[in-house]
Protein chains: 2
Amino acid sequence: MVQVMRDAHSAESRPYHHGDLRRALVDAARRLLEAEGPSALSLRAVAREAGVSPAAPYHHFKDKAELLDAVAHEGWEMLNARMAEAKAAAEGRQQLTALGIAYVCFAREHPALYRVMYDAARDKEMLPIEMEDGSDDSAYCRVRDTMIEHGADPTAETDLELATIASWCAAHGLAEMAGFKQFEHMKDALGGEQQFIAAVLQHMGLFPHTHRD
Amino acid sequence: MVQVMRDAHSAESRPYHHGDLRRALVDAARRLLEAEGPSALSLRAVAREAGVSPAAPYHHFKDKAELLDAVAHEGWEMLNARMAEAKAAAEGRQQLTALGIAYVCFAREHPALYRVMYDAARDKEMLPIEMEDGSDDSAYCRVRDTMIEHGADPTAETDLELATIASWCAAHGLAEMAGFKQFEHMKDALGGEQQFIAAVLQHMGLFPHTHRD
DNA sequence: CGTCGATCTGAGCGGCGTCAAGATATCTTT
DNA sequence: AAAGATATCTTGACGCCGCTCAGATCGACG
C-alpha cells in the first residue's frame, strides 16, 4: 500500500520486481476464494492470479498456511469493523442482538472467507489475537463490555466470561449451520434468512444477563 | 458386505480379491483419521493402509468424497448411539442437558471424525439424513421429543423447531470451539473440560421451553 | 562502478486424485 | 466341467499440488 508501482519500468512492462507482491497475493487469494470457493485456493493458482511464478510467494510467506493466515487476518478485521458498525447503529439492549446478527450475517455473506478464518484457528487450536480479550477493539471485548453496559455484573468475572463464550459459540454454530438446506422451509416461513437468524438467536437465550433489564 | 473371505486361497496368501474391501477401506480411513489427523487422510494412504493399489477404491466409491461420506455416516451413527445412551442414563429435565453434553463430548473425543462429518455436510450444504427430522432415532427428533416430554408445547411447531435448531447450533458451536487454547484457564478454574462444557451449555439458556418445569 | 541482499524464475521432487487398459478371480450358464 | 460374462484389482499414466534450490535479475548502497 505504501509503495506504488515503481516507474523505473513502465507499468506495462511487468517489472521484474513486483511493487508489493505480498499485498497482491493476499488480494488475489481473497478474490479467488470468494469467486471459486476454498477448493480452488491453491498457492499456484494464487501466484497465477497475481502473475508471478509458483515459487515467488515463498519469499513473502513461509508456506501456504501463512498466506491463509494473512487472508484470515483480514477477515477478522472486516468482522470486527462490521460488529462495531452494528453496535453503533443500535440502541439499548438491542445492541447485543445487533452484535449477534452482525456476526452471523457476516459469516453468511462471506462463507468461504469465514471458513478459512476458522480453519486457520482450528489448526492452531486458538483464536487469532484480534478476537482475544487482550486485544483492544476485539469482538470479545465488545460483546463483554456491551453486556456490562446493559446490566451484567462486572464483578462476577467467571459468569461474565462464560456468558460471553456462550454467546460466541452459539453465534458461531448458527453461522456454520444457517446455510443448510434443511432450514430452507423455516427461512421461507419467517420471510428470509435474516429473520431466521434473528429468530434462532432469540431462542438461544443469548446474553442471559440482559434478561433482567 | 455379504461376502466373507473366500477360502479358495488361504487367509495368509493375500487373495487377489479382497473379502470386503469397502468395509476395509472405511475402517482404514477411520484408523488413519484418528491416528494421524485429517491432513493425512489421502485416498492413496487409505489404499496403502488397506494393502491395495491406489486405484482399487474406485470400484467401491465414486471418488474420495464418497469414501469420506461413508466415514461420516458411521460417525453420525456413533453420535446417535451416544446420545441415546445419554438420554437413557439421565432423568427428568436433566435429560436435555445430558443430550447437550453428550453431543459436545463426542465431538471433543473424536475431533477429526467430527470435522469430517461436518465438512461433508457443509460441502453438500445439508445435514446427513441420519440427523434429519424424518429419520427415526435421529438426534434432531430425540432433542425435540425430549423437549416435549419436559413441558414444551407440541402444538407451537415453529417455536419448537426454532428451539431445537437453536440448541443444535449452540452445541455445534461449542463443540468446535471448546478445544481452543484461550479457554484453558477457564477449564482449569472449573475443574476440567467436561465441567467447562456443562457450564457454557448452562449459560446458553439451552432448551428454553423447559425453564417453566 | 561494483558489490550485496532482496526478489523472482525455472526446473524438479514426491505426493495427490483420477482414469484407462489389462490382468485375474468369481459367478453364471450350459 | 468348460466357457463366457462380470466383478474386482493392478499397472501406468496424466495433470495439479506444495515445496525446494540453483541461478537470473533488480534496487540500494558503498
Side-chain angles (χ1 to χ4, degrees), chain A residues 2-26 28-29 32-33 36-71 116 119-120 123, chain B residues 1-29 32-33 36-71 116 119-120 123:
Chain A
V2 182
Q3 311 176 249
V4 190
M5 184 88 80
R6 300 325 192 108
D7 41 19
H9 295 78
S10 80
E12 262 61 31
S13 74
R14 302 256 197 94
Y16 190 90
H17 277 29
H18 196 292
D20 186 354
L21 184 54
R22 182 176 223 274
R23 174 79 267 140
L25 288 170
V26 175
L32 261 171
L33 190 59
E36 317 274 347
S39 64
L41 196 60
S42 68
L43 237 188
R44 292 176 111 103
V46 172
R48 230 148 30 211
E49 179 93 2
V52 294
S53 84
Y58 287 90
H59 291 268
H60 301 271
F61 302 98
K62 177 173 128 285
D63 54 17
K64 184 185 180 183
E66 205 169 280
L67 206 196
L68 294 199
D69 276 353
V71 174
V116 167
D119 282 352
D123 285 348
Chain B
M1 49 257 21
V2 183
Q3 321 174 245
V4 189
M5 183 87 83
R6 300 325 191 113
D7 41 20
H9 296 76
S10 79
E12 262 62 29
S13 74
R14 299 253 200 97
Y16 189 88
H17 277 35
H18 196 292
D20 186 353
L21 183 54
R22 183 176 220 276
R23 175 77 270 142
L25 288 170
V26 175
D27 287 349
L32 260 173
L33 189 59
E36 316 276 347
S39 64
L41 196 59
S42 70
L43 236 191
R44 293 178 110 102
V46 172
R48 231 150 26 215
E49 179 92 2
V52 94
S53 87
Y58 285 89
H59 291 268
H60 301 270
F61 302 97
K62 174 174 132 286
D63 55 16
K64 183 184 181 183
E66 204 170 280
L67 205 195
L68 294 200
D69 275 352
V71 174
V116 167
D119 282 352
D123 286 347

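Note that these values count all heavy atoms, side chains included, but never hydrogens, waters or copies made by symmetry. Numbered from 1 within each chain, the chains take letters A, B, ... in sequence-line order.
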From the list C:dC8, D:dT10, C:dT18, which nucleotide is the closest neighbour of the side chain of B:Val52?
D:dT10
Between C1' on D:dC9 and CG on B:Leu25, what's the gap in Å once rounded to a whole number?
12 Å
Between A:Pro54 and A:Arg44, the two heavy atoms sitting closest are CB-CG, 4.1 Å
Counting side-chain heavy atoms from CB outward, which of D:dC9, C:dC16, D:dC17 is closest to B:Ala56?
D:dC9
Can you tell me how far C1' of C:dT9 sits from CG of A:Leu43, to the nearest Å?
16 Å
Out of C:dC8, D:dT8, D:dG18, which has the shortest distance to the side chain of A:Tyr58?
D:dG18
Tested for side-chain contact (heavy atoms from CB on, under 4.5 Å) against B:Val26, the lone hit among B:Asp20, B:Val46, B:Val71 is B:Val71
Tell me the interatomic distance from A:Glu49, atom CD, to D:dC17, atom P, rounded to whole angstroms.
13 Å
By the 4.0 Å heavy-atom rule, please label B:Ser53 as base, sugar-phosphate, or nothing.
base
B:His60 vs D:dC9: side-chain N/O to OP1/OP2 distance below 4.0 Å
yes
Which is more 5' along DNA chain C, the nucleotide nearest A:His59 or the one nearest A:Arg44? Just name the residue.
A:His59
Can you tell which of D:dG18, C:dC8, C:dC16 lies closest to the side chain of B:Ser42?
C:dC16
How many whole angstroms separate atom CG of A:Leu32 from atom P of D:dC17?
10 Å
d(NZ, A:Lys64; C1', D:dC17) in whole Å:
8 Å
Would you indicate which nucleotide in D:dC19, C:dG10, D:dT8 comes nearest to any side-chain atom of A:Ala55?
C:dG10
Given atom CD of A:Glu36 and atom P of D:dC17, what is their separation to the nearest angstrom?
12 Å
Would you say a side-chain N or O of B:Arg48 is under 4.0 Å from OP1 or OP2 of C:dC16?
yes
Heavy-atom nearest pair, B:Ala40 first then B:Ala45, reads O-CB, 3.8 Å
Between D:dC19 (P) and A:Leu67 (CG): distance, integer Å:
10 Å
Answer whether the closest heavy-atom distance between the side chains of A:Phe61 and A:Asp69 falls below 4.5 Å.
no
Is any side-chain heavy atom of A:Leu41 closer than 4.5 Å to one of A:Leu68?
yes
Between P of D:dC26 and CG of A:Asp20, the distance in whole Å
19 Å
